[in-house]
Amino acid sequence: MYRTHNCGELRMSHIDQEVTLSGWMATSRDFGGMTFIDLRDRYGITQLVFNMDDNAELCESARKLGREFVIRVVGKVRERSNKNPNRATGDIEIEISQLEILNAAKTPPFTIEETTDGGDDLRMKYRYLDLRRKKVQDNIIFRSNLAIASRKYLAEQQFVEVETPFLIKSTPEGARDFVVPSRMNPGQFYALPQSPQTFKQILMVSGLDKYFQIVKCFRDEDLRADRQPEFTQIDCEMSFVTQDEILNTFEGLTKSLFKTTLDIELPDFPRMQYDDALRLYGSDKPDLRFEMSFVELNDVAQNKGFSVFDEAELVVGICAAQQADAYSNKDIKKLTEWMQRPQIGAKGLVYVKFGSDGSIKSSVGKFFSEDDLKVWGAKFNAKPGDLLLILSGEAEKTRKQLSDLRLEMGKRMGLMKAGDFKPLWVVDFPLLEWDEEAERFHAMHHPFTSPKKEDVPRMLTGDHDTMKSLKADAYDLVINGAEIGGGSIRIHDRALQSRNFDLLGFTKEEAENQFGFLMGAFEYGAPPHGGIAFGFDRLCAVMNGQASIRDFIAFPKNNQGKDMMIDAPSPIDQQQLNELNIDLQKEKI
Ligand code: ASP
């Protein structure tokens, strides 16, 4: 028998019992006649004691053990004289009578502890060692618990888990496809799904009624900290539902996940119109852990002789509470430079300081009287001690810049607290987005999203400008400024779907070629339906207050899209290429 107990479970109640444990040698300490070893497994760490006086030979062997050796020991549980209150097993230790080395280990390339000395690349290459660290293991276990809790909740709501294929034809979700050559059909390729979108809609036509899947999706995009080429969604679709019913169901899922895994009760989620989110926070995924919403000043700040404001489409600002005294002119200058970096690209930054002593100072004091500035202050409901930060320019750009500033101020002021969760639904997204450069429409969500019922006639007959104003039954779940999920009510009518493809610039042939199967299915009794997908990796990260999804994925790719451990992607041999009818020489020409 390898073990009677694991390394996390022995307590005072086990005193005097003989136990067998197996695990990894984490650390070893020698004190002359005694050797102490920390034995680690997934469940915890238990202290082992080897006593020179009792068994010199055994103690010698223990001293020779290297870090990460795999061992099995037999011994008696005893009370520790020097207890460790920070460890679950800290009241006891094991007096060892037998030691067996199950496997030796090379010295690991980095320390396997809470904070490691290993750099990112090294940790990725030796991911199996990184995964031995409690912190990383806890993340993977959290993920497992979250998946199990999701399945349980959805099963209780009568969702059916259906697997959809990975070797498919392209489904446009706005990214590049990964493709797989077909050996049996030379010159032809499968695409890996960017999401199971079309399949889940087909399942609704089939009458499955409520579908879910915790599923891998593949998107060939440039990588960032919160992106991976393969990632996981909790993907769902429902028939005969309104937007409201979908939001309620998945608000229920989210609340239940927070309750079961973090023991946090979330209040009801506010619903915010997309237009309001942009107007008040400059973002379709506002972080609502703090307010600091935008106030527009066009009516009070224009036509007073300050040409920068006069020429601007929008003059808009935020009020940083009780920051006036904290920001010296030098600090404001630094903040202005921060805003002027190419990543943000603001031209300048106007401030008004309402000093706690009642003074009013502003970078545009030459153009505006104290009374003018007081009027601005009243719009923000500013108190003595508050600092107004104001931008101006083209509306869309300025809002985006102010959103960056708002988040930066929120961070500096300590308003984005870990453990504070502020979910919301952003609803009523536009259906289409006009791309100035390409001079074409893109689907704001995806091409299967339905316009709002009242907008259908305008969509079928309206002119170009009308199309820009169409609203969709599309929604996002946002938590703490991160987009956790998104979905929509779908088009279930062939003519409307065909019109949407038209607007998106597909020719009739292209639409038929790529999506004929879906439009065909719509002609055989497609029910009204809609759904949503949660980004599962991101949900894990956000629930744990972390920005990167990488540590919640057992085997992630690095920024170049590489798996450093198995060394993928990598070349394949000539025979495989021949079978696939791929001539690399020819491809190069
Ligand atoms: N397929 C969509 C996505 O991947 C989600 C949905 O519309 O249900 O974002």
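When a ligand or atom number is given, it counts from 1 through the structure's own listing order. In what follows, every heavy atom counts, from backbone to side chain, and hydrogens, waters and symmetry copies are set aside.
Considering backbone and side-chain atoms alike, Gln194 places every N or O at 3.5 Å or more from each N or O of ligand 1.
For ligand 1 and Arg490, the ligand atoms under 4.0 Å from any heavy atom of the residue are 6 (C), 7 (O), 8 (O). Listed by number with element, the atoms of ligand 1 under 4.0 angstrom from any heavy atom of Ile532 are 8 (O). Atom numbering of ligand 1 starts at 1 in the shown order; those under 4.0 Å from a heavy atom of Gly486 are 5 (C), 6 (C), 8 (O). Taking every non-hydrogen atom of Gly487 and a distance limit under 4.0 Å, the qualifying atoms of ligand 1 come out as 6 (C), 7 (O). Each of the following atoms of ligand 1 lies closer than 4.0 Å to a heavy atom of Ala533: 5 (C), 8 (O). Taking every non-hydrogen atom of Gln233 and a distance limit under 4.0 Å, the qualifying atoms of ligand 1 come out as 3 (C), 4 (O). Taking a cut-off of under 4.0 Å to the non-hydrogen atoms of Gln197, the atoms of ligand 1 that pass are 1 (N), 2 (C), 5 (C), 6 (C), 7 (O), 8 (O).
Residue Lys200 places a heavy atom under 4.0 Å from ligand 1. Taking a 4.0 Å cut-off on heavy atoms, Arg219 registers as neighbouring ligand 1.
For the pair Arg406 and Phe290, the cation sits on the ring face: its NZ or CZ lies under 6.0 Å from the ring centre, inside 45° of the axis.
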> Where do Glu161 and Arg151 land on the salt bridge (Lys or Arg N to Asp or Glu O under 4.0 Å) test, with the steps shown first?
Replying inline: CA-CA 8 Å; Glu161 185 169 11; Arg151 284 209 165 81; 2.9 Å; yes
>> Using the rule given for side-chain contact (heavy atoms from CB on, under 4.5 Å), can you reason through Phe231 versus Lys216, listing the C-alpha separation, both sets of side-chain angles and the distance that settles it, and then say yes or no?
In response: CA-CA 5 Å; Phe231 60 96; Lys216 273 286 173 73; over 6 Å; no
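Taking the side-chain hydrogen bond (donor to acceptor under 3.5 Å, both in side chains) definition, one finds that Asp130 meets it with Arg123, Arg127, Arg133, sequence neighbours left out. Every residue was checked against the ring pair (Phe, Tyr, Trp, His ring centres under 6.0 Å) condition with Phe517, not counting sequence neighbours, and none meets it.
A donor-acceptor pair under 3.5 Å is absent between the side-chain atoms of Asp476 and the main chain of Glu483, judged by distance alone.
The two residues Ser195 and Arg219 make their nearest non-hydrogen contact at CB-NH2, 3.9 Å.
With a heavy-atom cut-off of 4.0 Å, Ser195 touches ligand 1 through its side chain alone.
Using cut-offs of 30° and 60° on the angle between ring planes, the pair Phe218 and Phe166 is perpendicular.
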